[in-house]
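Notes to accompany the following structure.
Just so it is clear, the structure is predicted and the values come from calculations on it, not from any experiment. The figures that follow rest on heavy atoms only: side chains count, while hydrogens, waters and symmetry mates do not. Throughout, protein chains are lettered first and strands after them, A, B, ... in sequence-line order, and every chain is numbered starting at 1.
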Amino acid sequence: MITYTSTDHFVLLPGLLLALFGCAVLLLDFLFPKDVKGRGWLVGIALSGVGFASWQSWQQYLYLKAHSMTPLVAFNGALVLDGFALFFNGIVLASAALVMLISYRYLEDEKEHHTEYYALVLFAACGAFFLNGGLDMVTIFVGLELMAVSFYILVGFLRTDKRSNEAAMKYLLLGGFSTGFLIYGFSIFYGLTGSTNLAALATVIPARGANDPLLYLAIVTTLVGLLFKIGAAPFHMWAPDTYEGAPTTVTAFLAVASKTASFALLLRVMLVGLGTAREMWEPLLTGAAVLTLTIGNLAAISQSNVKRLLAYSSIGHAGYVLLGLIAGNQTGLIGVSIYLLTYAFSTIGAFLVLIALRRRGVAVETIEDLASLGKRYPYYALLMLLFLMSLAGLPPTAGFIGKYYIFLSLVESGKYGLAIVGALYVAVSLYYYFRLVRSMFLTESIEAQVLAPSNGVRLVLALTGIATIAMGILPEPFLRMAAISLGR
Amino acid sequence: MPNVPVPLNYYLTLSAILFMIGAAGFIIRRNIITVFMSIELMLNAVNLTFVTFSYQFRQVDGHIYSFFVMVVAAAEAAVGLAIILTVFKNRSTLTIDDVSSMKN
């Protein structure tokens with residue numbers, strides 16, 4: 001007997017709204033004229049979809065708060081609504097809204113403005129919701145693929161651009177490959193438990209013993225799939241090419257929404273499903289984290305393309321977040337949440353400066369293109385400096401809080417070696433971030449460009465800039481939000 | 001003749017072999033379409049594992065999972081072939097090594 005209860009509806013509704021508005025954008029596309037104004041209306045519809053989903057998520061938050069944050073399980077344990085899911089849903093919604101606001105003019109300039117773009121953003125966000133809240137391997141798999149397939153199209157959205165094609169192809173092939181590994185692991189988990197639920201997995205593992213080869217195989221293949229998705233070494237090779245070739249707005253969305261949702265999935269699988277097998281996956285993840293930090297930060301040094309540099313730095317950030325998970329205490333988990341939140345705003349901001357400058361005819365590709373930015377566009381240069389400081393983790397910006405909690409958790413749990421490695425790579429990252437800063441402020445260039453403002457870009461730059469500063473100076477409210485993600 | 005069913009291990013070994021052939025094909029082959037087919041082979045190996053376990057447990061969960069895998073694989077193939085088509089249009093080649101303009 002299949003029933004659809006009011007609890008199911010309440011838990012599902014925000015994701016459902018995103019999917020419905022995505023379909024609405026696709027269908028209404030035929031009704032609106034194919035010009036700038038008609039597309040503007042459709043962007044409005046897509047944004048209102050994010051708005052309704054945010055409103056409904058807020059209702060969910062109020063409900064959970066009134067019931068002392070007790071998780072709400074729906075669809076016979078397939079989907080869960082808890083603080084964790086809400087927190088990550090919030091990041092996804094914020095990034096989707098910001099990306100839609102900046103995409104309008106960007107796509108007009110690229111002459112590839114098709115409103116399917118906004119539908120795909122909504123579908124990707126919907127898929128991310130099922131990763132954040134999924135407890136069943138079927139739900140997780142379908143959510144993951146909904147997000148991934150939407151992103152494959154978004155990455156290749158500039159159809160006539162060779163690099164965009166190439167990026168989409170590489171992302172598609174490596175993404176499909178990693179999905180294969182992930183669900184091969186899931187299929188073995190199913191064989192071990194007789195259930196596709198993550199919670200059932202946790203009860204079976206203690207009985208299997210710590211060195212069961214089949215369990216080990218399942219953990220390793222699942223980890224291969226998950227590390228691919230978060231862009232961690234040694235499975236990071238898709239990230240630089242995809243980030244470089246994709247339209248810059250999509251790069252920002254990919255770096256934020258896809259990464260945070262994949263991290264939510266990783267945390268859910270590791271802590272809920274495999275929480276009792278910690279001694280099996282912790283060494284594997286530790287190795288991956290150290291390798292990720294090394295490759296991400298060392299490869300970033302030699303990059304000349306700014307997007308590629310930011311891609312490697314984003315690989316490095318995945319390493320820090322993994323360190324928080326390895327520390328494993330409450331501080332570490334708060335650190336993971338707050339790190340991903342701060343990373344989201346700083347990353348969107350940094351890519352946005354590249355977009356804003358591109359709109360002025362300075363197609364920012366290489367570091368040299370940023371030359372004398374400080375003189376020509378002092379505001380943009382200062383904002384870029386702010387975002388880079390946050391990504392490097394310098395006070396008083398947001399990034400400092402994230403790194404502070406990650407390192408604090410490592411020290412608290414006695415993992416001094418990892419803390420030292422992490423701190424060393426912060427020093428390395430300062431070097432390549434300040435190569436950009438040096439280029440902006442200390443290098444001369446003769447070109448002069450005419451300004452042409454875009455309100456969406458200005459608004460989002462202001463929002464991300466304010467968020468990056470506010471989180472650094474007044475971290476309390478944001479730390480409370482991160483505490484919600486732990487159900488407190 | 002005694003009526004003995006095929007042991008479970010045979011199916012699981014077959015699916016593991018299929019999965020490894022798929023993974024090896026992904027890494028070794030240089031034609032984009034063949035690489036894409038290798039991914040499909042990996043997904044089908046997973047299906048076989050799910051159906052085997054599902055048969056063992058006398059459940060439908062695994063069968064249903066394999067249906068979802070098929071549907072998703074079809075969606076991925078639709079998008080994937082479209083992407084490969086645009087790559088071919090822009091470059092007139094289907095060799096992976098020729099489609100790598102972005103380098104460190």
Item to check | Interface residues of residues 13-21 of chain B facing chain A - non-hydrogen atoms under 4.5 Å apart | outcome: B/S15, B/A16, B/F19
Checklist entry - Can you check side chain to side chain contact (heavy atoms under 4.5 Å, CB included) on B/I64 and A/V138, steps first, answer last? => result CA-CA 9 Å; B/I64 291 171; A/V138 181; 5.6 Å; no
Checklist outcome for this item: The reported gap from CE in A/M169 to OG in B/S100 (rounded to nearest 0.5 angstrom) is 8.5 Å
Next on the checklist: Looking at chain B, which one of A/A148, A/G194, A/G180, A/S164 has the largest number of heavy-atom pairs inside 4.5 Å, strictly under?
Outcome noted: A/G194
Item to check | Interatomic distance, B/L43 atom CG to A/T179 atom OG1 [nearest 0.5 angstrom] | outcome: 7.5 Å
Item to check | Toward chain B, the part of A/N305 with a non-hydrogen atom under 4.5 Å | outcome: neither
Item to check | Segment of A/L309 engaging chain B (4.5 angstrom heavy-atom cut-off) | outcome: neither
Checklist outcome for this item: Pair count under 4.5 Å, heavy atoms only, with chain B: among A/L172, A/L146, A/N165, highest is A/N165
Next on the checklist: So for atom CZ, which belongs to B/F57, do other residues, nucleotides or ligands contribute more than 12 heavy atoms lying within a distance under 6.0 Å?
Outcome noted: yes
Item to check | Best-contacting candidate, A/V142, A/T160, A/V155, against chain B by heavy atom pairs under 4.5 angstrom | outcome: A/T160
Item to check | B/R91 vs A/E166, side chain to side chain contact (heavy atoms under 4.5 Å, CB included): CA-CA, chis, key distance, verdict | outcome: CA-CA 10 Å; B/R91 297 186 193 241; A/E166 184 184 330; 2.9 Å; yes
Checklist outcome for this item: Output for pair (A/Y184 OH, B/M42 CE), nearest 0.5 Å, gives 10.5 Å
Checklist entry - When only pairs under 4.5 Å are counted, which of A/R163, A/E145, A/R159, A/K170 shares the most heavy-atom pairs with chain B? => result A/E145
Checklist entry - Is chain A contacted by the side chain of B/F26, its backbone, both, or neither, given a heavy-atom distance below 4.5 Å? => result side chain
Item to check | Top contributor to chain A interface from B/S66, B/A23, B/G22, B/S38 [non-hydrogen pairs under 4.5 Å] | outcome: B/A23
Checklist entry - Taking atom CZ of B/R29 as the centre, does the number of heavy atoms from other residues, nucleotides or ligands within less than 6.0 Å exceed 12? => result no
Tell me which donor-acceptor pairs under 3.5 Å the side chains of residues 69-86 of chain B have, and how far apart each pair is, sequence neighbours excluded?
residue : atom : partner : partner atom : Å
B/T86   : OG1  : B/I83   : O            : 2.6

Next on the checklist: Between B/I32 and A/L173, does the side chain to side chain contact (heavy atoms under 4.5 Å, CB included) criterion hold? Intermediate values first, please.
Outcome noted: CA-CA 9 Å; B/I32 300 174; A/L173 293 180; 4.3 Å; yes
Checklist entry - Measuring heavy-atom distances to chain A, does B/F36 have an atom under 4.5 Å in its side chain, in its backbone, in both, or in neither? => result both
Checklist entry - So A/F186 and B/Y65, would you call those rings parallel, tilted or perpendicular, with 30° and 60° as cut-offs? => result perpendicular
Checklist entry - Within the side chain of A/Y190, is there an N or O that forms a donor-acceptor pair under 3.5 Å with the backbone of B/F50? => result no
Checklist entry - By a 4.5 Å heavy-atom criterion (distance strictly below it), what part of B/I96 contacts chain A: side chain, backbone, both, or neither? => result side chain
Item to check | Side chain, backbone, both or neither of B/S54 within contact of chain A (heavy atoms, under 4.5 Å) | outcome: both
